[in-house]
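Working notes, structure below.
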Amino acid sequence: MEVGEPDAFDAGSVVRPAADEPERAAEAALRPRRLEEFVGQRVVRDQLSLVLEAAMARGRAPDHVLLSGPPGLGKTTLAMIIAAELGASLRVTSGPAIQHAGDLAAVLSSLDEGEVLFIDEIHRLARPAEELLYVAMEDFRVDVVVGKGAGASAIPLSLPPFTVVGATTRAGLLPAPLRDRFGFTGHLDFYADDELERVLVRSAGLLGVPLDAEAAAEIASRSRGTPRIANRLLRRVRDWAQVRGDGHLSLDAARSALAVYEVDERGLDRLDRAVLDALCRRFGGGPVGLTTLAVAVGEEPETVETVAEPFLVREGLVGRTPRGRVALPPAWEHLGLAVPVASDTLFG
């Protein structure tokens, strides 16, 4: 898409927490390289610093690390920082890419001593690969099966000490035996607006664009507490300022750009508002089933449930009940509608 063609851009994707490959390439230039450069997540950062410093003082590979939390908060960045802090190389793979135990065995057997193996979406590992990983993480060995049938035999292959960094958005799906093999578990939380402002100021400096403090605050307030979204919105504001402004990222430029991409003052996009509008205006606040709601907004049920609903529930705009989804009073207020008295008894 050429800069300045908002109609060709899927507005709903501007505030999605996930990232595709082209965006990951754009993010690479903005990633911090060291823990002291990493903004936010103070507790996890301090704990991780202690783990790494102690391991380096002992001259040993640190315990395996599990990072959990919603997408876009910095799990991949922290994995890269861990490798950088240790002065080790980073091997990157993902759970969906490892469908057989042999795939994982090939990766593990090629690791050098002290290397960091980053497994994204580790909860999606195939079961045979999980079982192989148990032994590799605990005993630093893999059993290579030679032959087939009754004549098959397992040959143990020793591995040099290494560190697994696993990332997951759904820690509850990890089997207990795998979760217990991580010596350190860190959960990443959503960012406060002032932390996102610091992220934006740093990113603007790396991009070489002038960013006013008021513009940074405006973008941060619409970023859903997620650095990935904040950086994405910053790039869109930069595009607007370059094409339709004077190149300066002012408050007016930020508001104008975000209006083009249909991101309102609370961070809601087109799909979010469509869900609220359907709940309030068409179904009287609910309760309404997910499938019916999805049909009303012209989307798949999975899209509504996984893309729009988590943020709307977290913001207190939508509630989930056994009978279906309901609009809470702030949803009516956000749409400029009067809150019906009946909405006070939806959970009663």
Side-chain angles (χ1 to χ4, degrees), residues 11-19 39-44 67-75 121 123 167-173 186-197 199-200 217-233 258 261-280 283 285-290 293-294 296-297 299-337 339 343-344 346-347:
S13 68
V14 181
V15 290
R16 73 191 189 283
V39 177
Q41 311 297 340
R42 182 184 59 81
V43 173
V44 173
L67 302 172
S68 66
L73 299 187
K75 296 185 292 297
E121 298 183 88
H123 62 276
T168 177
T169 55
R170 306 180 69 181
L173 295 183
H187 179 78
L188 277 60
D189 295 315
F190 289 102
Y191 283 57
D193 285 354
D194 63 321
E195 293 174 329
L196 289 177
E197 289 178 40
V199 170
L200 288 165
E218 186 72 18
I219 298 170
S221 68
R222 305 190 191 199
S223 298
R224 301 182 182 231
T226 306
R228 173 175 291 155
I229 296 175
N231 283 327
R232 184 185 298 143
L233 295 181
L258 297 177
Y261 291 102
E262 299 184 280
V263 180
D264 67 21
E265 66 278 2
R266 197 162 179 169
L268 274 63
D269 66 358
R270 176 199 58 80
L271 176 58
D272 299 323
R273 289 190 298 274
V275 169
L276 294 185
D277 191 77
L279 269 175
C280 295
F283 299 108
V288 58
L290 175 63
L293 184 59
V297 299
E299 295 285 355
E300 294 295 324
E302 183 180 1
T303 301
V304 173
E305 186 175 29
T306 61
V307 176
E309 193 172 84
F311 180 66
L312 295 176
V313 171
R314 180 163 65 88
E315 287 292 292
L317 299 169
V318 172
R320 299 178 62 173
T321 74
R323 296 166 55 200
R325 276 63 176 173
V326 296
L328 300 179
W332 296 85
E333 296 166 0
H334 187 73
L335 296 177
L337 303 174
V339 181
S343 68
D344 295 336
L346 286 173
F347 290 94

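Given the structure is predicted, the values throughout are model-derived calculations rather than measurements. The figures here come from the full heavy-atom set of this structure, side chains too, leaving out hydrogens, waters and symmetry mates. When a residue number appears, it is its place in the shown sequence, counting from 1.
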Exercise. Considering all heavy atoms of both residues, which atom of Ser68 and which atom of His187 are nearest to each other, and what is their separation?
Worked result: OG-ND1, 3.1 Å
For this session: Output yes when a side-chain donor or acceptor of Tyr261 lies under 3.5 Å from a complementary backbone atom of Leu233, and no otherwise.
Result: no
Exercise. Do Val263 and Arg224 have side chains that get closer than 4.5 Å, going by heavy atoms?
Worked result: no
Exercise. Side chains of Phe311 and Leu268: closer than 4.5 Å at any heavy-atom pair?
Worked result: yes
Problem set entry | Given Thr169, Ile229, Thr226, the one that forms side-chain contact (heavy atoms from CB on, under 4.5 Å) with Pro71 | Thr169
Exercise. Can you check whether Leu279's main-chain N or O pairs, donor with acceptor, with Arg325's side chain at less than 3.5 Å?
Worked result: no
Exercise. Any idea which heavy atoms bring Ala278 and Val297 closest together, and the distance?
Worked result: CB-CG1, 4.0 Å
Problem set entry | Spatial distance of atom CG (Asp277) from atom CZ (Phe283) [nearest 0.5 Å] | 10.5 Å
For this session: Please examine the side chains of Thr168 and Leu173, heavy atoms only from C-beta on, and report whether any two atoms are closer than 4.5 Å.
Result: no
Exercise. Roughly how far apart are Leu73 CG and Leu67 CG, rounded to 0.5 Å?
Worked result: 11.0 Å
Exercise. Nearest 0.5 Å, what's the CG-CG distance between Leu271 and Leu276?
Worked result: 9.5 Å
Exercise. Is there side-chain contact between Asp264 and Asp272, with heavy atoms separated by less than 4.5 Å?
Worked result: no
Exercise. Is any side-chain heavy atom of Glu262 closer than 4.5 Å to a side-chain heavy atom of Arg273?
Worked result: yes
Exercise. Closest heavy-atom contact between Ala230 and Leu196?
Worked result: CB-CD2, 4.2 Å
Seminar exercise, completed: Minimal heavy-atom distance between Val199 and Pro227, with the atoms involved, is CG1-CB, 4.4 Å
Problem set entry | Taking every non-hydrogen atom, the tightest pair across Val275 and Ala308 | CG2-CB, 4.3 Å
For this session: State whether the number of non-hydrogen atoms from other residues, nucleotides or ligands found under 6.0 Å of Arg314 atom CZ is greater than 12.
Result: yes
Exercise. Nearest 0.5 Å, what's the CD-CD distance between Glu305 and Glu300?
Worked result: 12.5 Å
Exercise. Given the rule in the salt bridge (charged side-chain N to carboxylate O under 4.0 Å, His left out) test, do Arg42 and Glu195 qualify, once you have shown the distances and angles that lead to the verdict?
Worked result: CA-CA 11 Å; Arg42 182 184 59 81; Glu195 293 174 329; over 6 Å; no
For this session: For the residue pair His334 and Glu265, establish whether any side-chain heavy-atom pair is separated by less than 4.5 Å.
Result: yes
Problem set entry | Electrostatic pair Glu333:Arg266 at N-O distance under 4.0 angstrom | no
For this session: Mind listing the closest non-hydrogen atom pair of Leu258 and Arg222 along with its distance?
Result: CD1-CD, 3.3 Å
